[in-house]
**Q** 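Handing you this structure, nothing more for now.
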Amino acid sequence: MADTSPQRPARTLVLIDASGFIFRAYHAIPPLSTSKGVPTNAVLGFTRMLLKALRELPHSHVAIAFDKDSRVERQKIDPTYKANREATPPDLLPQFEHIRRVVDVLNLRVVEASGWEADDVIGTLARRGREAGFDIKVVTGDKDFVQIVQDGVRLFDPMNDRITDTAAVKERLGIEPRQMRDYLALIGDAVDNVAKVPGIGPKTATELLTQFGDVETLLSRLDEVKKPKIREALGAHRESLLRARQLVTFNTELPLDVALDDLVWREPDARRARDLFTELEFFALLRDLPQEEAPQVAPLVTTTTFVTTEDEVKALADAVRVAGDVTLIPAFEGMPFAAALVGMGVSLPEGATRYVPLRHQQLGVAQVRPEAFVSAMKPVLEDAAIKKGGHDLKALTLLLATEGIALRGGQDDVELLSYLLNPSRREHALPDLARERLRAELPALPAVTEGRKGRALADHAPDEVGAAYAVRADAARRMAPELWRELEAANLASLARSMELPLLPILAKMERRGVKLDVPELALISARVDSEVTAREKACHAAAGHEFNVGSNPQLAQVLYEEKKLPILKRGKTGPSTDQEVLEKLADEHGSELARAIIEYRSLSKLKSTYLDTLPSLVARDGRIHTTYHQAATATGRLSSSDPNLQNIPVRTEVGREIRRAFVAEPGHQLVSADYSQVELRLLAHIAEDPVLIDAFLHDEDIHSRTAAEVFGVTPAQVDREQRRVAKMVNFGIAYGLSPHGLSTRLGISQESARDVIERYFTRYAGIRRYLLETVEKARKVGYVETLYGRRRLMGDLHSKNRGVAQAAERAAINMPIQGTAADLMKMAMLAVEDALRQEGLRTTLLLQVHDELLFEAPDAEVEAVKALAARCMSSVAQLKVPLKVDVGAGRSWADAH
DNA sequence: CCCCACCCGTAC
DNA sequence: GACGTACGGGTGGGGT
């Protein structure tokens with residue numbers, strides 16, 4: 001009977017067969033690597049197994065055993081032992097080191113014995129542990145270990161959750177555990193080159209062992225073996241059988257240099273584990289780690305020197321010139337294009353970090369006159385040969401531009417560099433990067449609120465804020481080299497150097513220039529829409545029979561579905577949906593006046609609240625709107641725009657176009673618009689090398705008609721409107737990973753016909769199908785997708801167990817190379833355009849980028865030249881298998897330029 | 001008064 | 001869930 005006395009805590013020794021699991025994990029998990037290209041499949045499988053075993057098995061003591069020159073001893077018995085094992089695969093070799101690191105951070109005690117296998121180490125520890133009264137659990141998937149099973153010694157296979165004890169062995173194999181050695185010797189092991197006795201398989205082996213007990217008895221009583229064939233075989237292979245049994249027998253008497261007390265389990269080193277898992281990109285496993293205790297505060301610098309006199313600023317400028325490298329974090333308030341520079345945190349490769357107070361408001365604080373700062377620093381800041389670092393160099397560029405300084409030499413923008421390494425990441429905030437990359441907590445910046453509670457930044461004394469900014473500069477400077485190493489390793493460095501960093505000052509210039517808004521014109525539209533919205537709201541109330549908040553979806557749902565008893569066609573997370581698709585159906589198919597009225601109300605109030613009411617308030621004193629472009633925001637490499645977002649100004653509806661009429665050129669100027677035609681579809685043709693699609697673009701056909709002709713088996717001239725509409729939808733959806741369901745709801749056709757259309761599309765455009773499949777397959781294998789120019793997006797969710805998540809990731813993987821390459825092309829076009837404008841000495845400026853469109857403001861005299869220049873630059877930015885078509889137009893307003 | 005999730009809608 | 005990438009407004013619930 002088991003000891004049930006409560007006084008004695010269970011002492012369980014867990015023994016882990018590391019070597020066995022490494023190979024199992026390697027073969028069980030498809031090739032996988034980090035974004036840096038480090039192979040990790042075996043490490044991941046091994047780590048998962050390890051964590052699972054520790055999670056599921058009670059353990060007071062733990063040891064992990066590795067092979068060490070493991071063939072030496074057994075090859076003394078048989079030189080061919082394991083001789084036909086294939087060499088370790090090249091992508092497994094480098095993973096051993098990381099496995100050791102995992103074991104190390106988990107604080108597991110490694111036990112190994114030179115010349116012996118992990119099997120023997122575990123056999124020895126199991127025997128000693130059992131003798132000392134431990135309960136033993138052996139974590140392994142190897143059947144050889146059955147031989148050490150006994151009362152109190154069990155096997156656990158974390159890959160299938162199987163526990164093997166004495167009873168299980170008897171049931172599964174029909175033998176006692178101690179007979180396993182004899183059993184294995186009889187049936188042999190081809191993989192390890194352990195000879196078998198020919199003609200004997202598992203069945204016969206079990207029979208023989210049941211009758212005779214072990215190999216010695218069997219051989220001594222050979223004449224009792226009934227079947228002559230078996231008897232002869234045993235007689236003929238007597239020697240090899242005994243040798244085989246020697247080979248498979250664990251040595252449980254190794255002189256291990258470890259005491260059982262040394263194996264006491266210790267908590268993992270959570271912080272180091274976190275770092276290692278982050279490095280290996282085992283993000284799902286991070287959750288399994290114990291949370292970190294209080295964040296460790298590691299001040300990066302001990303001293304911040306305050307630069308408060310003109311001489312000191314001059315000395316600083318000299319130091320920057322000597323170092324050839326400076327990292328700057330500005331303290332400012334307001335929007336960057338029109339902000340006051342309050343101070344500057346500065347870090348140099350050598351020496352203390354500095355803070356230069358410029359516009360602190362407190363009386364009597366020592367600070368530098370802004371003019372003195374500018375005159376001293378301008379030469380070094382404008383010198384492209386002096387490398388600049390920071391976090392969001394575009395903001396710095398804008399701030400310095402306001403001071404009359406044109407920042408050049410920007411290179412180490414850690415936000416931008418971090419983005420290129422992982423564009424899916426939501427934020428690249430400096431404190432987060434410092435925590436991850438430097439294991440340092442940045443001090444909080446002073447609370448700055450414009451409201452009643454906080455004070456403006458300038459109201460804080462320099463010594464309150466200076467160190468915080470200086471430390472940030474120090475942190476940014478220190479993480480830059482490693483970022484570049486990672487970029488080099490991922491082949492992203494040239495993208496950073498030749499595309500993103502040169503684009504940065506161009507974006508700054510666009511933001512600074514802004515686009516003129518005709519506020520009175522907008523006000524006219526607004527007044528008209530205002531009364532329309534009110535009328536529509538009244539119509540909604542009338543249709544409902546009472547007043548309610550038309551803008552409230554819950555209230556609307558109540559009216560539609562509870563009061564009017566209309567059918568619920570779609571549900572969201574929190575209730576029945578009231579989106580446009582649903583309302584259209586309710587209006588058309590159920591004759592709902594209210595639904596129709598809501599649709600009209602919605603479209604107008606959207607325009608009113610988002611654009612008409614908002615845009616005028618964002619007009620700066622110069623009468624222009626200064627958006628902010630985000631270069632480190634999207635997962636595909638596109639830019640985004642905010643405050644306001646000028647990339648979603650309406651264009652499709654009449655009222656929407658009127659809003660574009662309020663975006664105007666200065667007197668004597670025109671807006672010039674140049675946009676890529678069908679750029680994503682053209683890129684799809686090029687990247688997928690689809691002959692049909694390429695042919696269509698080479699002949700500049702109406703691509704939707706051509707697709708309709710292909711899909712419906714008619715000539716392009718025979719295509720009717722409906723067929724073209726279907727084809728157009730397919731063309732748009734194809735790069736988004738469209739589904740029969742999605743297409744059917746969008747087209748209002750059945751899922752079957754949608755499926756049929758898609759199938760016929762892929763039959764005609766076989767290259768596209770192949771490309772889409774290959775893209776997903778490769779993404780699964782390498783863990784990322786990339787554009788023609790090497791921009792990468794990490795794609796972890798492809799392996800999600802949640803099917804929906806995995807499928808969404810597949811669609812994203814399909815889309816990214818297309819959307820991302822289009823973004824790359826546009827960025828290169830912007831560089832080319834800016835260069836050409838300067839070369840030709842034109843005064844035209846680039847104002848806006850809307851993914852596939854560039855908007856310029858050109859003096860009247862330059863309009864035609866700019867139209868030609870833009871078309872030329874944009875279409876010649878890459879030589880593809882299809883031409884890049886560019887449409888250009890010009891006019892007084894954005895609407896007129898189209 | 002701020003923050004957030006949610007729904008919805010605008011762009012490409 | 002249901003076709004990719006964004007930003008942002010309103011509501012309504014929660015918190016300070």
Side-chain angles (χ1 to χ4, degrees), chain A residues 423-424 426 449 451-453 548-557 570-583 598-599 601-615 618 627-630 633-653 655-657 659-660 675-681 684 729-747 751 754 758 772 785 793 802-820 822-823 826 848-853:
Chain A
S424 309
R426 190 121 70 58
T449 12
R452 294 158 207 159
K453 285 180 215 160
F548 70 104
N549 183 347
V550 184
S552 165
N553 294 323
Q555 288 184 37
L556 174 60
K570 190 157 87 171
R571 284 190 168 279
K573 275 183 190 165
T574 52
S577 169
T578 63
D579 68 15
Q580 196 159 13
E581 185 195 329
V582 167
L583 294 178
I598 293 283
I599 291 170
Y601 167 83
R602 282 241 184 102
S603 63
L604 287 171
S605 81
K606 168 75 175 178
L607 295 177
K608 174 172 151 54
S609 64
T610 308
Y611 305 105
L612 296 171
D613 291 351
T614 317
L615 289 175
L618 291 162
T627 185
T628 300
Y629 285 106
H630 303 278
T634 74
T636 56
R638 272 190 183 177
L639 300 177
S640 77
S641 149
S642 73
D643 308 296
N645 179 359
L646 293 186
Q647 292 180 321
N648 70 347
I649 301 299
V651 70
R652 289 170 192 177
T653 65
V655 182
R657 277 193 292 277
I659 294 176
R660 289 204 175 204
D675 68 284
Y676 281 118
S677 167
Q678 307 280 10
V679 66
E680 293 198 1
L681 219 42
L684 183 62
M729 197 65 79
V730 174
N731 277 335
F732 277 123
I734 206 76
Y736 299 157
L738 90 175
S739 68
H741 179 275
L743 188 64
S744 71
T745 56
R746 276 169 184 74
L747 286 171
Q751 266 204 54
I758 293 172
L772 298 180
V785 285
R793 174 179 182 178
N802 181 327
R803 225 164 51 85
V805 173
Q807 284 175 341
E810 284 180 19
R811 293 190 294 271
I814 285 172
N815 178 252
M816 186 274 175
I818 310 292
Q819 189 182 120
M826 180 52 100
L848 301 180
Q849 188 253 45
V850 191
H851 309 309
D852 64 1
E853 174 188 5

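Note on naming: letters A, B, ... go to the chains in the order of the sequence lines (proteins, then strands), and numbering restarts at 1 for each one.
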**Q** Rounded off to whole Å, could you give me the NE2-to-P distance for the A:H851 and B:dT10 pair?
**A**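 Atom-to-atom, A:H851 to B:dT10, this comes out as 16 Å.
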
**Q** Could you provide the dot-bracket string of DNA chain C, using ( ) for intrastrand pairs, [ ] for crossing pairs and | for bases paired to another strand, with Watson-Crick or G-U pairs below 3.5 Å?
**A** ...||||||||||||.

**Q** So if I take every side-chain heavy atom of A:Q819 and compare against B:dA11, B:dC8, C:dG4, which nucleotide ends up nearest?
**A**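 Selected nucleotide: C:dG4.
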
**Q** Would you check if A:I734 and A:L738 make a side-chain contact, meaning some heavy-atom pair closer than 4.5 Å?
**A**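 Yes; the side chains approach each other to less than 4.5 Å.
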
**Q** How many Å lie between CE on A:M816 and P on C:dG4, as a whole number?
**A** 16 Å

**Q** Among the nucleotides B:dA11, C:dC7, B:dC8, which one has an atom lying closest to any side-chain atom of A:R602?
**A**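 Closest nucleotide among those given: B:dC8.
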
**Q** With side chains defined as the heavy atoms from C-beta onward, is the minimum distance between A:I758 and A:P740 less than 4.5 Å?
**A** yes

**Q** Side chain of A:T574 only, please: which of C:dT5, B:dC12, B:dC7 is the nearest?
**A**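 Given the options C:dT5, B:dC12, B:dC7, the side chain of A:T574 is closest to B:dC7.
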
**Q** Using salt bridge (Lys or Arg N to Asp or Glu O under 4.0 Å) as the criterion, list what pairs up with A:K606, not counting sequence neighbours.
**A** none

**Q** Report the distance from atom CG of A:D675 to atom P of B:dA11, rounded to the nearest whole Å.
**A**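 Taking CG of A:D675 and P of B:dA11, I get 15 Å after rounding.
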
**Q** Would you indicate what A:Q807 reaches in the nucleic acid, counting non-hydrogen atoms under 4.0 angstrom: base, sugar-phosphate, or nothing?
**A**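 If one applies the 4.0 Å heavy-atom cut-off, A:Q807 turns out to touch a base.
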
**Q** Is the backbone of A:Q849 close enough, under 3.5 Å, to the side chain of A:Y629 for a donor and an acceptor to pair up by distance?
**A**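 Yes; at least one donor-acceptor contact below 3.5 Å.
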
**Q** Between B:dC8, B:dC12, C:dC7, which one does the side chain of A:S577 approach most closely?
**A**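 My answer, after comparing the listed nucleotides, is B:dC8.
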
**Q** Hey, what do you get for CD1 (A:I814) to CZ (A:R811), rounding to the nearest 0.5 Å?
**A** 8.5 Å

**Q** To the side chain of A:R660, which of B:dC12, C:dG1, C:dT5 is closest?
**A**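 Nearest to the side-chain atoms of A:R660, counting from C-beta on, is B:dC12.
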
**Q** Show the nearest heavy-atom pair for residues A:Y611 and A:I659, with the distance to one decimal.
**A** CB-CD1, 3.8 Å

**Q** Restricting to side-chain contact (heavy atoms from CB on, under 4.5 Å), what partner residues turn up for A:E810, sequence neighbours left out?
**A** A:V776, A:R780, A:L798

**Q** Base, backbone or nothing for each nucleotide of nucleotides 9-14 of chain C, written B, S, -, heavy atoms under 4.0 angstrom, 5' to 3'?
**A** SSSS--

**Q** With a 4.0 Å cutoff (strictly under), does any side-chain N or O of A:R652 reach OP1 or OP2 of B:dA11?
**A** yes

**Q** Sticking with atom P, work out how far C:dA6 lies from C:dA2, rounded to a whole angstrom.
**A** 15 Å

**Q** Ignoring backbone atoms, test whether A:S642 places a side-chain nitrogen or oxygen under 4.0 Å from the OP1 or OP2 oxygen of C:dC7.
**A** no

**Q** Less than 4.0 angstrom between a side-chain N/O of A:R811 and OP1 or OP2 of C:dG4, yes or no?
**A** yes

**Q** Identify all side-chain donor-acceptor contacts of residues 635-642 of chain A below 3.5 Å with residues at least two apart in sequence or on another chain.
**A**
from, atom 1, to, atom 2, distance (Å)
A:T636, OG1, A:Q819, OE1, 2.7
A:R638, NE, A:Q819, OE1, 3.4
A:S641, OG, A:T627, OG1, 2.8
A:S641, OG, A:P644, O, 3.3
A:S641, OG, A:L646, N, 2.8
A:S642, OG, A:H630, NE2, 2.6

**Q** Answer with base, sugar-phosphate or nothing: what part of the nucleic acid does A:M729 contact at a heavy-atom distance below 4.0 Å?
**A** base

**Q** Name the closest nucleotide to the A:D579 side chain, picking from C:dG1, B:dC12, B:dG9.
**A** B:dG9

**Q** Is any side-chain nitrogen or oxygen of A:T578 closer than 4.0 Å to OP1 or OP2 of B:dC8?
**A**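 For A:T578, the contact criterion (side-chain N or O under 4.0 Å from OP1 or OP2 of B:dC8) is met.
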
**Q** For A:A635, answer base if it contacts any base atom (sugar-phosphate contacts may also be present), sugar-phosphate if it contacts only those atoms, and nothing otherwise; contact means non-hydrogen atoms under 4.0 Å.
**A**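 Here A:A635 touches the backbone only, sparing every base.
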
**Q** Kindly state each residue pair satisfying salt bridge (charged side-chain N to carboxylate O under 4.0 Å, His left out) with at least one member in residues 640-649 of chain A, sequence neighbours excluded.
**A**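 Output for this query is empty, none listed.
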
**Q** Is any side-chain heavy atom of A:H741 closer than 4.5 Å to one of A:T745?
**A** yes

